Protein chains: 2
Amino acid sequence: MQDPSVRPTLATVAKLAGVSVASVSRVLNGMPASPEMESRVIDAVARTGYVPDAFARSLRARRTNQLALAVADVGNPVYVAMMRAIDASLRTTDYRLVLHSTEADLGAELDLLGTMRHGYVDGLILQSLRVGSELLAEITRLTIPTVVIGLLPDEVPIDNVRTDTRQGMRLAVEHLVATGRRRIALVNGPIDTVPGVARWTGFAEAMTAAGLDVDAAPVEVSADFTHVAGLEAVRRLLARTAPGAIDAIACSNDLIAMGALRALAEHGLRVPDDVAVTGMDDTDLAAMCNPPLSSVSTGAAERGATAARLLLERIEDPELPPRRCTVPPRLVVRESTAGGTSAASSGTRRPAEPAELMRGEP
Amino acid sequence: MQDPSVRPTLATVAKLAGVSVASVSRVLNGMPASPEMESRVIDAVARTGYVPDAFARSLRARRTNQLALAVADVGNPVYVAMMRAIDASLRTTDYRLVLHSTEADLGAELDLLGTMRHGYVDGLILQSLRVGSELLAEITRLTIPTVVIGLLPDEVPIDNVRTDTRQGMRLAVEHLVATGRRRIALVNGPIDTVPGVARWTGFAEAMTAAGLDVDAAPVEVSADFTHVAGLEAVRRLLARTAPGAIDAIACSNDLIAMGALRALAEHGLRVPDDVAVTGMDDTDLAAMCNPPLSSVSTGAAERGATAARLLLERIEDPELPPRRCTVPPRLVVRESTAGGTSAASSGTRRPAEPAELMRGEP
DNA sequence: TTGAAAGCGATACCAC
DNA sequence: GTGGTATCGCTTTCAA
């Protein structure tokens, strides 16, 4: 701790230790050196309060040991789950994860990619809701290894981890039909998003397959994938439909479903007795809702872990051909869709964990 | 787009444009140059696909235009609210925000601070649950401007934004008492954390002030500040107390309170009829719960905005004396503590927004 | 206005 | 094992 006004550099340390900068660098990087040398350097470093400069180091070493994860909305627990999985995968490496939230804003995403081009990270995992030509163009110009989580057009030569949410929505609707629901509504996220389109398609397919009239089904579009928007969307839905016209609501994700639970409670409607509700993503919020929410898992943790693996592999070998991994959706049944049977509803005294039935895809 | 195997540098561009690297640099940085020069450079940049190298630039310019926010748990919406507020404050500047989640792990925090020392950011906002001597030592060694959100010992000369959660907990308990509750339990977060201690103290003070016996009050400690841990804590609480022994649960934060709502539902207990519940932080989750959760706002957005302001000011003028800002807690009443009167409970048909009564501190 | 050249701080290659 | 030094890519004097 010397004069704090001037930052110590390698040269400072070297002079104080009476050795060369090269030697200081070596000791600091754990390369072979005599014990004598080591102690002198360690001592000098301590006395100067020296800390290596990240830029200078990265300038030479061409690496930062940082990876970035960019998600549309850090407020959505599904991305938190992803992040945790990625973080865990990185724990055995010496990479650190930094997080960027783009707030589902195209401008912010483009901007971020721009600074990523030769930015402060060695690799990027990007999760985007709206993968358009603009974004794709920017991604392909990226000079750092990149993995995209989400649905990418087939011809794009970028590592990609995806899940079939179209099938996921089918699972949800099939489950509702199987438990006796017929007047099924959809509360979707924005339809100018990739997941919005996929979930709408899955809904339509499942309804048709069940012999139900899609065109007659109440469909509401939420302003975004948050619970606030979901709450408003379901309020609109309930306001414009006759009482009893709906006996189930399939929601595009858990946050929207949470808003649905709230809106239904506001209207004095009981879940699942009057209306069943399904979410998607199976976030940790689902089990915590009142009543607990049936949800289609989109394998967030698995997608995160896979993305991390792909990224590390690509950093290791940039020549790898682009890879594509798909994580299958999986229905997790909880109380919000309990059947017309004597299944326990939320108010019932039952201290034990609700049984969570798992079902693979059909 | 030339040979992608070798990254274009200033020299590449300069050669292609037939000018000096200095001129290219100038044009790129918007310094005066002849139109002729400008067009040649622009053209060459486009043809080479040149992107400036962040490290080399930062090495000279000594700035990254990046600020970091490190929080204990990105999965907690209170930090998301903070982040949004910070992000908004930064929108008028040309700083970008990167996020780090330390998972409330001291090792991770220290590690992070280590790499921050002369790291890839120009400033840091740190939110920590356990501000111990070790962490403080590391913070004071930081060479970049830093603002800490959370309770810091008085003598520490670091910019600090705080809220009085001790008083916040008092507000919650006073409210419970005022609405007729007497058998009040506390579900606290870990007591080796700063907020854990503060909230316990506030609870004890308010109970005593109300003439209630703190020592007889059921107190349960949650493993952390998440809803999963909260759920487990409240299950334990209910398992070990006689039915009817509790008519209110004051929770240390909204996530724990959410777990409490779930645990109470499991036990067939109605909220607020049988048991009232309060949370803390007034996250956007609170209004979304069933029933909506009364919560003590800790001014997350305001704290975030304030922290951003302090940080920008300090970057501007490193010589400023350390500052300390306090945001007062504020009670937000919702249905989970509706009084013994005829107040609407969760199942009541009422499409409108629940009235949210605000109360300043006494 | 433009170009030449001196760094920024650390790393790694090359002799010794 | 150790020291000298070229080098990473860019910014910024200083002359011309």
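Note: hydrogens, waters and symmetry copies are ignored here, and every other heavy atom, side chains too, is used. Keep in mind the model is a prediction, meaning the values are calculated, not measured. We name chains A, B, ... by the order of the sequence lines, and we start the count at 1 in each one.
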Item to complete: Step by step, work out the side chain to side chain donor-acceptor pair (under 3.5 Å) result for B:S58 and A:Y120.
Response: CA-CA 10 Å; B:S58 300; A:Y120 300 106; 2.8 Å; yes
Item to complete: Strictly below 4.0 Å, heavy-atom distances to any atom of DNA chain C: list the hits from residues 29-43 of chain B, or just say none.
Response: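 Under 4.0 Å from DNA chain C: B:A33, B:S34, B:M37.
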Discussion item. Quick check against the 3.5 Å criterion: does B:R7 have a side-chain atom that pairs as donor or acceptor with the backbone of B:Y50?
Written reply: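 Flag not set: sc B:R7 to bb B:Y50 has no pair under 3.5 Å.
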Worksheet item: Would a distance-only check, ignoring hydrogens and angles, find a side-chain to backbone donor-acceptor pair under 3.5 Å from B:R162 to B:G150?
Response: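 It does not hold such a pair.
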Worksheet entry | Residue of the set B:V80, B:V71, B:V74 for which side-chain contact (heavy atoms from CB on, under 4.5 Å) holds with A:V74 |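 That would be B:V80; it is the only one of B:V80, B:V71, B:V74 passing the side-chain contact (heavy atoms from CB on, under 4.5 Å) with A:V74.
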Fill in: Name of the residue among B:I149, B:L142, B:I139 meeting side-chain contact (heavy atoms from CB on, under 4.5 Å) with B:L126
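Looking at B:I149, B:L142, B:I139, the match for B:L126 under the side-chain contact (heavy atoms from CB on, under 4.5 Å) is B:I139.
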[X] has an atom [atom1]; how far is it from atom [atom2] of [N], in whole Å?
X      : N      : atom1 : atom2 : value
A:D53  : C:dC8  : CG    : P     : 12 Å
A:R7   : C:dG9  : CZ    : P     : 6 Å
A:L59  : C:dC8  : CG    : P     : 14 Å
A:R63  : C:dA10 : CZ    : P     : 18 Å
B:Y120 : C:dA10 : OH    : C1'   : 12 Å

Fill in: Nucleotide range of DNA chain D lying under 4.0 Å from chain A heavy atoms
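Here the contact window of chain A covers D:dG1 to D:dG9.
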Discussion item. Within the 3.5 Å criterion, strictly below it, is a donor on A:Y79 or A:Q127 matched to an acceptor on the partner's side chain?
Written reply: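 Judged by distance alone, the side chains do pair up.
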Worksheet item: Does the side chain of A:S34 come under 3.5 Å of the side chain of A:E36 through a donor N or O and an acceptor N or O?
Response: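 The criterion, which ignores hydrogens and geometry beyond distance, is not satisfied for A:E36 and A:S34.
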Practice prompt. State, to 0.1 Å, how close B:P145 and B:R314 come at their nearest heavy-atom pair, and which atoms those are.
Written response: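 Closest heavy-atom pair between B:P145 and B:R314: CB-CG, 3.9 Å.
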Worksheet item: Which heavy atom in B:R63 sits nearest to a heavy atom in B:D122, and how many Å separate them?
Response: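 Heavy atoms of B:R63 and B:D122 come nearest at CA-OD1, 3.4 Å.
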Practice prompt. Could you check B:S23 against A:R60 and say which one's nearest nucleotide on DNA chain D is further toward the 5' end?
Written response: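 Nearer the 5' end of the strand: A:R60.
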Worksheet item: Where each residue is assigned the nucleotide of DNA chain C containing its nearest heavy atom, which of B:A56 and B:V19 is assigned the position nearer the 5′ end?
Response: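 Mapping each residue to its closest nucleotide by heavy atoms, the 5'-most match is B:V19.
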Worksheet item: Between B:G18 and A:R57, which has a closest nucleotide on DNA chain C that is more 5'?
Response: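 The residue whose closest nucleotide sits nearer the 5' end is B:G18.
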